Novice: 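One structure, as structure tokens, below. Some questions next.
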Number of protein chains: 4
Amino acid sequence: MASAKTQSIFKAAIDLFSERGFEKATMDEIASRAHVAKGTIYYHFKSKEELFSFLVQEGTKLLHESVLSKVNPRKTPTEQIETIIREQLRFFDHYRDFCVILLREAWGDDVRQREFRRMLVHYVHAIEQIMRAGIESEEFLYTKAETGAWSIFGSISMAALHHIFSEPDMDLLLLAPDLTRMILKGMVSQITKDAESLVDEAPRKAQ
Amino acid sequence: MASAKTQSIFKAAIDLFSERGFEKATMDEIASRAHVAKGTIYYHFKSKEELFSFLVQEGTKLLHESVLSKVNPRKTPTEQIETIIREQLRFFDHYRDFCVILLREAWGDDVRQREFRRMLVHYVHAIEQIMRAGIESEEFLYTKAETGAWSIFGSISMAALHHIFSEPDMDLLLLAPDLTRMILKGMVSQITKDAESLVDEAPRKAQ
Amino acid sequence: MASAKTQSIFKAAIDLFSERGFEKATMDEIASRAHVAKGTIYYHFKSKEELFSFLVQEGTKLLHESVLSKVNPRKTPTEQIETIIREQLRFFDHYRDFCVILLREAWGDDVRQREFRRMLVHYVHAIEQIMRAGIESEEFLYTKAETGAWSIFGSISMAALHHIFSEPDMDLLLLAPDLTRMILKGMVSQITKDAESLVDEAPRKAQ
Amino acid sequence: MASAKTQSIFKAAIDLFSERGFEKATMDEIASRAHVAKGTIYYHFKSKEELFSFLVQEGTKLLHESVLSKVNPRKTPTEQIETIIREQLRFFDHYRDFCVILLREAWGDDVRQREFRRMLVHYVHAIEQIMRAGIESEEFLYTKAETGAWSIFGSISMAALHHIFSEPDMDLLLLAPDLTRMILKGMVSQITKDAESLVDEAPRKAQ
DNA sequence: AATGAATGAGAGTTCATTCAT
DNA sequence: AATGAATGAACTCTCATTCAT
């Protein structure tokens, strides 16, 4: 599972799936970038789909671990969310290729895409749990936790994705302060916040 | 530009690009779903890329118009953002196929993808302008407008995308209240907000 | 179904399937011998299997028609069998390639092979019917008709097949007198026949 | 030549060549069914062709011995033929896999197939000799011995082959009485035989 | 303005064979 | 004597594009 060849195939595959997308990445090019013969890939992975699946599984597992292992469950939900934002940015910064794959290849009805979404859902669930705890303790405003979690995930991911393409040399961690503030405190400043009634307080029991 | 044939090719193409993605959608299937001969598509569009580009251009133009025409520039930035959230959700709800294409096909280095991003950037710029106005008038907390705009766009888009795949029958507009509250007021409730110092107030001049 | 291209693909396919067998015949070579591009074959036939099936169907249909149309149902079973031997040899002589395919590719558990056998069984059934009629009228010695029919088919086919490979220039029809005599009158001469009791008379009702 | 490994490779190869045919049987599957590593096969056999040739040689040698050792040269040609029919059926019943290989893989222009036919010809020659003796002694009707021998071989083989696929559980020896009668006495009953002149008496010297 | 038969470069995959251990 | 990871040539099949009609 971690021979030198397997490793180098793995690396080349991430590279190329990120660069060209699943469909346009070719096994020929993966092989040549991994400095192995094409047959060697098929000796280690049953098919292109399986290579991709393996990579996605390892990737999301790593995302899950990298981010959530940093979250201290004894801290407040607010602090936990703040950690998630920071660590997810750090992960995306480190694994830019995987980040691109993640946000591009998860949407569709292929088996591979469904499976990918399942792994992603698993990660977002963790955010959802923190939200629920915060709502329970009234530290957070009431929100449908599922929507909230995906909103947070989208906020971080899209900001990261945009910067990966528009400013490739930028350190994505620089986005953390702004994203944290926006996600936790919202856009509207204190001063005007009380006055407005645009946003209805959601009933605490509706869900 | 809008003959009956062109229209039906257009519809079929959106359908299939959304269903299968750019690479897996075939001209054969587009032709058959549009009830025209394959040659006919090439009579109207130079290539698959061009068909896709045309579709992306019309789509983002429509997104731009559908959403921004509803924004009243004489209202407050807060109200404008609220309108954008609602109208973007309405648009995504109406054009789910395009929404999927948008979020899946924009990321990569192909000409087609770059062009797609340029159109998208144009749309997000409009959000950015509103942010800047709000920050200027101190109605909004200070944030790097670019990051903020993409964060908002990501928040709405990802929540929508998730629900498109997990609850296909749901009316996406139902996400509006939660998203609006999260984006404008943030997650943290009033009570605890003052106490915490986790989120540093960003210096007003840094950008 | 009978365009010039389809015809030439058909011819080339028979040629090559006979020359190399189903597995070793390549679509590339079939295409080049048919003077069409490889894609053209796939435009007309879904797959190599389907091309083969089509060819087998046409071939066995032709065998069936060529041989059985010559059989006069008002003549005696003996005469009918004699016709079948002669006409099957004529067919094999004319379509040597198909003859080789027939006897080589029908045995196995692939869908293609099962289907092939079904067509073959259909042909041998016709021989079986004649046998049954002859047995009924006591013109023929009692024999299990199924076994008898396959015995006749095997006798003709194997003799033909052997000569196709060992004496490619020989007219297979020259085999007709010997085969007819052997099949109808057996090997043993009149003189000795009565004396021997080796072959038990089969009970007329056993089947 | 007969180590435990060689034996088990041999068995697995017969199995798979019969099940899938020469081309579709893979060395991987043969190795795995023989419970040896793939390299081991190549240690014992130079190539797939050679493995097949070895197997064919052993098989036809066994056929030759199994059948002809039962033929008593002091008995009449009629009795000898009767023995051959019975014993060939017994052999085919016992080695069904080899029987299928025999009748499927012998026809073609590959070296392997030519060699196979040479072995087969050797066996059929033995039948031919008996025929010649019978013709000489006027116990048999005059027939071109070569044609007659292949006719007999085809008759037995095709009947066996058909039943192997259509009634896998049947004992092939049950075919012996019918085949013996057909081959020795022919289809036509005594009563009508004299009357008919359809089958010309072949001139005794033509060959 | 519209067609669809024809194309061929290029994709994913298989597998007999080799060879260092 | 035996192994199995590695190879790459060769295979089937796909599909955007062309062009004569």
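All figures in this text were calculated on a predicted structure; none of them were measured in a lab. In what follows, chains carry the letters A, B, and so on, assigned in the order in which the sequence lines appear, proteins first and then strands, with residues in each chain numbered from 1.
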Novice: Just compare dA2(F), dT17(E), dT12(F) and give me whichever is closest to any side-chain atom of Lys48(C).
Specialist: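 Given the options dA2(F), dT17(E), dT12(F), the side chain of Lys48(C) is closest to dT12(F).
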Novice: Expressed in angstrom and rounded to an integer, what is the separation of Glu50(D) atom CD from dT18(E) atom C1'?
Specialist: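 About 16 Å, once rounded to whole Å.
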Novice: Take atom CG of Asp28(C) and atom P of dG8(E), then tell me their distance rounded to the nearest Å.
Specialist: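 Between P of dG8(E) and CG of Asp28(C): 12 Å.
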Novice: Is a salt bridge present between Arg112(B) and Glu115(B), judged by a nitrogen-to-oxygen distance below 4.0 Å?
Specialist: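 No salt bridge links Arg112(B) with Glu115(B).
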Novice: Provide, to the nearest angstrom, the distance between the CD1 atom belonging to Ile41(C) and the P atom belonging to dT14(F).
Specialist: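 Taking atom P of dT14(F) as the reference, CD1 of Ile41(C) is at 13 Å.
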Novice: Step through it carefully: locate the ring centre of Phe54(B), locate the ring centre of Phe10(B), and say whether they are under 6.0 Å apart.
Specialist: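 Yes, the ring centres sit under 6.0 Å apart.
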Novice: With both distances under 3.5 angstrom, what nucleotide forms a Watson-Crick or G-U wobble pair with dT21(E)?
Specialist: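 Checking every strand shown, dT21(E) finds its partner in dA2(F), with both distances under 3.5 Å.
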Novice: Measure from the side chain of Ala37(A), starting at C-beta and using heavy atoms only, and say which of dA16(F), dG4(E), dG8(F) lies closest.
Specialist: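 Per side-chain heavy atoms of Ala37(A), the pick is dG8(F).
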Novice: Taking for each residue the nucleotide of DNA chain E bearing the nearest heavy atom, is the 5' side occupied by His35(B) or by Thr26(D)?
Specialist: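 The residue closer to the strand's 5' end, by nearest nucleotide, is His35(B).
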Novice: Lys5(D) side chain: which of dA2(F), dT12(F), dT7(E) is closest?
Specialist: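 Selected nucleotide: dA2(F).
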Novice: Please report, rounded to the nearest Å, how far the P atom of dT3(F) is from the OH atom of Tyr43(D).
Specialist: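 Computing the Tyr43(D):OH to dT3(F):P distance gives 11 Å.
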Novice: In whole angstrom, give the distance that lies between atom CD of Glu23(C) and atom P of dA16(E).
Specialist: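 Spelled out: CD on Glu23(C) to P on dA16(E) is 11 Å.
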Novice: Counting only N and O atoms by type, is there a donor-acceptor contact under 3.5 Å from the side chain of Gln7(D) to the main-chain atoms of Ser3(D)?
Specialist: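 Between the backbone of Ser3(D) and the side chain of Gln7(D) there is no qualifying donor-acceptor contact (under 3.5 Å).
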Novice: Salt bridge check: are Arg104(D) and Glu105(C) linked by an N-O gap of less than 4.0 Å?
Specialist: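 Here Arg104(D) does not pair with Glu105(C) in a salt bridge, since their nearest N and O are not under 4.0 Å apart.
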Novice: Of Gly39(D) and Gly39(B), whose closest DNA chain F nucleotide lies nearer the 5' terminus?
Specialist: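 Residue closer to the 5' terminus by nearest nucleotide: Gly39(D).
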Novice: Out of dT3(E), dT12(F), dA16(F), which nucleotide sits closest to the side chain of Val36(B)?
Specialist: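 Nearest to the side-chain atoms of Val36(B), counting from C-beta on, is dT3(E).
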Novice: Within this structure, what is the CZ-to-P distance between Phe22(D) and dC15(E), rounded to whole angstrom?
Specialist: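 Atom CZ in Phe22(D) sits about 13 Å away from atom P in dC15(E).
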Novice: Check every atom of dA2(E), dA16(F), dG8(E) against the side chain of Thr40(B) and return the nucleotide holding the closest atom.
Specialist: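 Nearest to the side-chain atoms of Thr40(B), counting from C-beta on, is dA2(E).
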Novice: Looking at Glu19(B) and Arg33(B), is any side-chain nitrogen of the basic one under 4.0 Å from a carboxylate oxygen of the acidic one?
Specialist: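 A salt bridge is present here (some side-chain N lies under 4.0 Å from a carboxylate O).
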Novice: What integer distance in Å separates His44(C):NE2 from dC13(F):P?
Specialist: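 The answer, rounded to whole Å, is 16 Å.
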Novice: Within the 4.0 Å heavy-atom criterion, would you say Ala25(A) contacts the bases, only the backbone, or no part of the nucleic acid?
Specialist: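 The answer is sugar-phosphate, as Ala25(A) gets under 4.0 Å only of primed atoms, P, OP1 or OP2.
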Novice: Let's test this: given Watson-Crick or G-U wobble pairing with both distances under 3.5 Å, identify the partner of dT14(F).
Specialist: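 When the pairing criteria are applied, dA9(E) turns out to be the nucleotide that pairs with dT14(F).
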Novice: Over how many whole Å does the gap from Tyr42(B) atom OH to dT7(E) atom C1' extend?
Specialist: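 Roughly 13 Å, once rounded to whole Å.
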Novice: Base, sugar-phosphate alone, or nothing: which one does Lys38(B) contact when heavy atoms must sit under 4.0 Å apart?
Specialist: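 Base: the residue Lys38(B), judged by heavy atoms under 4.0 Å, touches a nucleobase.
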